[in-house]
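Here's the structure we're looking at; comments come further down.
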Amino acid sequence: SQTIHQWPATLVQPVGSPLSLECTVEGTSNPNLYWYRQAAGRGLQLLFYSVGIGQISSEVPQNLSASRPQDRQFILSSKKLLLSDSGFYLCAWSVTGSGAQYFGPGTRLLVL
Amino acid sequence: RKEVEQDPGPFNVPEGATVAFNCTYSNSASQSFFWYRQDCRKEPKLLMSVYSSGNEDGRFTAQLNRASQYISLLIRDSKLSDSATYLCVVPITGGGNKLTFGTGTQLKVEL
């Protein structure tokens with residue numbers, strides 16, 4: 001069966017510090033991968049998606065970036081965090097050609 | 001019209017009640033739809049997929065009305081454990097299997 005991991009679970013970072021969140025998927029090959037952010041009391045906002053290694057599509061302009069160095073690894077990064085980067089970051093995967101997405105447990109980020 | 005619209009609620013219902021949520025969508029080309037459940041401070045989890053006119057899974061029934069562009073979720077015999085936020089999800093046409101998530105309808109089942 002497929003599983004998706006995210007770490008860390010929670011993170012408190014000062015403004016201006018760098019960020020690296022990691023997501024890995026097990027039990028499937030060549031998945032589509034997604035990064036979402038959910039601000040407190042808000043809906044899910046798609047940040048990035050990837051259909052293959054090294055292929056990243058950005059959905060919203062921001063100071064975040066994403067990379068996919070391996071088939072089942074997806075990384076979300078920032079060089080300098082802003083207060084507005086606080087939120088619940090969710091990684092998801094889907095089978096290519098299938099609609100449903102499956103989420104990891106998320107990382108709760110607080111920027112102070 | 002927003003891509004996906006849901007009544008935010010909350011819907012407060014007694015245990016055992018039947019409750020229904022509606023969701024409207026704007027993209028008439030969408031073919032498949034989903035309902036996700038999200039518990040407080042947790043990740044969304046797939047509850048049901050809706051590929052044709054409807055789908056039933058135990059106490060949960062999802063229906064699709066393409067002509068009016070709305071999807072409904074019916075929960076029968078509500079349990080305390082059904083308390084959560086229910087997200088209506090519609091695919092975005094184009095590559096990448098992208099989805100648009102509604103902001104959710106909050107359900108509170110009470111004794």
Side-chain angles (χ1 to χ4, degrees), chain A residues 1-7 9-10 21 23 25 28 30-52 55-60 66 68 74 86-110, chain B residues 2-10 21 23-27 29-52 55 57 60 62 64 71 73 84-106 108:
Chain A
S1 63
Q2 300 86 8
T3 55
I4 178 168
H5 305 278
Q6 283 187 250
W7 61 91
T10 59
L21 302 181
C23 169
V25 181
T28 187
N30 195 31
N32 288 345
L33 296 173
Y34 310 84
W35 278 112
Y36 289 86
R37 176 171 59 205
Q38 188 174 36
R42 305 288 295 276
L44 273 73
Q45 180 186 34
L46 179 63
L47 302 176
F48 300 95
Y49 73 95
S50 172
V51 299
Q55 300 178 63
I56 309 294
S57 296
S58 174
E59 291 296 297
V60 292
R68 184 170 178 174
F74 206 21
S86 294
F88 190 34
Y89 287 83
L90 291 154
C91 180
W93 73 273
S94 75
V95 174
T96 303
S98 171
Q101 294 176 13
Y102 303 92
F103 288 85
T107 295
R108 203 161 293 278
L109 172 66
L110 179 61
Chain B
K2 287 185 179 179
E3 290 179 286
V4 183
E5 289 196 77
Q6 294 183 254
D7 180 345
F21 311 135
C23 162
T24 58
Y25 61 94
S26 60
N27 185 358
S30 296
Q31 294 297 310
S32 55
F33 306 85
F34 309 94
W35 283 101
Y36 280 71
R37 170 195 171 127
Q38 186 172 24
D39 291 287
C40 187
R41 300 179 67 81
K42 297 288 188 179
E43 75 275 23
K45 293 184 178 179
L46 179 65
L47 179 65
M48 298 183 74
S49 302
V50 189
Y51 290 108
S52 55
N55 190 16
D57 183 5
F60 298 83
L64 168 63
I71 313 151
L73 178 67
T85 297
Y86 291 83
L87 309 176
C88 175
V89 182
V90 179
I92 300 172
T93 52
N97 286 340
K98 293 184 289 182
L99 301 175
T100 296
F101 286 75
T103 51
T105 298
Q106 188 179 13
K108 295 181 180 179

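Here the structure is a predicted model, which means the values were calculated and not measured. Labels below follow one simple rule: chain letters A, B, ... track the order of the sequence lines, proteins then strands, and each chain is numbered from 1.
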Starting at OH of A/Tyr49, measure out to CG of B/Leu99 and round the result to the nearest 0.5 Å.
12.0 Å

Please find the pair of heavy atoms, one from B/Asn97 and one from A/Val95, that lie closest to each other, and give the distance.
ND2-O, 3.1 Å

Is B/Arg41 reaching over with its side chain to a backbone N or O of A/Arg108, donor-acceptor style, under 3.5 angstrom?
no

Given a strict heavy-atom distance threshold of 4.5 Å, which part of A/Gln55 is in contact with chain B: side chain, backbone, both, or neither?
neither

Closest approach of B/Lys42 and A/Phe88, non-hydrogen atoms and distance?
O-CE2, 3.5 Å

Between B/Pro44 and chain A, which part of the residue has a heavy atom less than 4.5 Å away: side chain, backbone, both or neither?
both

For the side chain of B/Tyr36 and the backbone of A/Gln101, is there at least one donor-acceptor N/O pair under 3.5 Å apart?
yes

Heavy-atom cut-off 4.5 Å, strictly under: side chain, backbone, both or neither for B/Gln38 against chain A?
side chain

Between A/Glu59, A/Gln45, A/Arg42, which has the largest tally of heavy atom pairs under 4.5 Å with chain B?
A/Glu59

Contact leader toward chain B among A/Ala92, A/Pro105, A/Ser57, A/Gly106, where contacts are heavy-atom pairs under 4.5 Å
A/Pro105

Rounded at 0.5 Å granularity, tell me how far NZ in B/Lys98 sits from OH in A/Tyr34.
9.5 Å

Tell me if the aromatic rings of B/Phe101 and A/Phe103 count as close, with their centers under 6.0 Å from one another.
yes

Gap between atom CD of B/Glu43 and atom CD of A/Gln6 - 0.5 Å precision:
8.5 Å

